[in-house]
Amino acid sequence: MNSAIVTGKIISEIEVKNSATPNVVCRFNLTLGDRLFDCLVTGSKTHKFKYDVEKGMEVTIEAVFNDQMQLMVYGYTTHSYPNYFGQLFDSRGYALSQDKEYF
């Protein structure tokens, strides 16, 4: 198996998918320069990853490639958090769209 350590920025929302089996899969896209990596997190670390990481963060992942050339993450380190300066939020804490006028 080929392994990789990649430092990049998460450019997609973190998707958590449940299946009929007890396995939970977390999927996201990571960019490094002009390269795009499709990444998966499985097992018990899925829910912790979902709460530690979000879109726009810079992370370093330790992973192995699977048969579909996706990175199967087995370790990660967070480096920076996204900047929400100027972002509008509703009363539940969800970000509002920037292309609408609210006032």
Side-chain angles (χ1 to χ4, degrees):
M1 290 204 146
N2 294 330
S3 63
I5 298 175
V6 180
T7 300
K9 189 173 185 177
I10 296 176
I11 60 168
S12 67
E13 294 294 329
I14 310 296
E15 301 172 27
V16 176
K17 298 183 180 187
N18 296 317
S19 62
T21 62
N23 295 334
V24 180
V25 176
C26 186
R27 184 183 176 282
F28 64 97
N29 291 326
L30 185 78
T31 184
L32 173 62
D34 59 348
R35 296 203 50 193
L36 179 69
F37 297 97
D38 188 25
C39 304
L40 299 172
V41 180
T42 60
S44 61
K45 58 190 166 293
T46 302
H47 294 292
K48 182 176 180 342
F49 183 84
K50 171 69 176 160
Y51 292 111
D52 287 348
V53 178
E54 59 187 54
K55 181 179 178 180
M57 287 183 71
E58 185 175 320
V59 296
T60 297
I61 61 169
E62 301 168 21
V64 294
F65 287 97
N66 67 5
D67 296 336
Q68 288 89 25
M69 294 304 292
Q70 298 168 321
L71 289 172
M72 302 292 292
V73 178
Y74 61 84
Y76 66 94
T77 305
T78 58
H79 296 290
S80 68
Y81 292 91
N83 183 358
Y84 294 117
F85 184 72
Q87 178 78 33
L88 297 175
F89 295 91
D90 67 6
S91 61
R92 295 174 292 178
Y94 296 111
L96 297 174
S97 175
Q98 294 295 324
D99 58 349
K100 295 181 181 176
E101 258 184 59
Y102 294 100
F103 302 102

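Positions are given from 1 along the sequence.
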Glu58: side-chain contact (heavy atoms from CB on, under 4.5 Å) partners, not counting sequence neighbours: Thr7, His79, Ser80
Taking side-chain contact (heavy atoms from CB on, under 4.5 Å) as the test, write out the residues that go with Glu13, two or more places apart. Lys55
All heavy atoms of Met72 vs all of Thr42, minimum pair found to be CE-CG2, 4.0 Å
Of all heavy-atom pairs between Val73 and Lys45, which one has the smallest distance, and what is that distance? O-CE, 3.3 Å
Among Leu32, Val59, Thr31, the one residue meeting side chain to side chain contact (heavy atoms under 4.5 Å, CB included) with Val6: Leu32
May I have the step-by-step check of side-chain contact (heavy atoms from CB on, under 4.5 Å) for Asn66 and Leu40, ending in yes or no? CA-CA 10 Å; Asn66 67 5; Leu40 299 172; 4.2 Å; yes
Shared-cluster residues of Val16, by chain and number - hydrophobic side chains joined below 4.5 Å: Val24
Kindly compute the distance separating CG (Asp38) from CD (Gln70), expressed to the nearest 0.5 Å. 4.5 Å
Cluster question for you: counting only ILVMFWY and a side-chain heavy-atom cut-off of under 4.5 Å, with indirect links fine, are Phe65 and Leu30 together? yes
When you measure from the side chain of Ser12 to the backbone N and O of Asn29, does any donor-acceptor pair fall under 3.5 Å? yes
Under the rule for salt bridge (charged side-chain N to carboxylate O under 4.0 Å, His left out), what residues qualify as partners of Glu15, not counting sequence neighbours? Lys17, Arg27
Ring pair (Phe, Tyr, Trp, His ring centres under 6.0 Å) contacts touching residues 30-50 (sequence neighbours left out): Phe28-Phe49, Phe49-Tyr76
Which atom pair, heavy atoms only, marks the closest approach of Thr60 to Ile5? CG2-CG2, 3.7 Å
In the structure I gave you, are the side-chain heavy atoms of Val41 and Ile61 within less than 4.5 Å of one another anywhere? no
Under 4.5 Å between side-chain heavy atoms, counting indirect links through other Ile/Leu/Val/Met/Phe/Trp/Tyr residues: same cluster for Val53 and Tyr51 or not? no
Using side-chain hydrogen bond (donor to acceptor under 3.5 Å, both in side chains) as the criterion, list what pairs up with Lys48, not counting sequence neighbours. Asp52
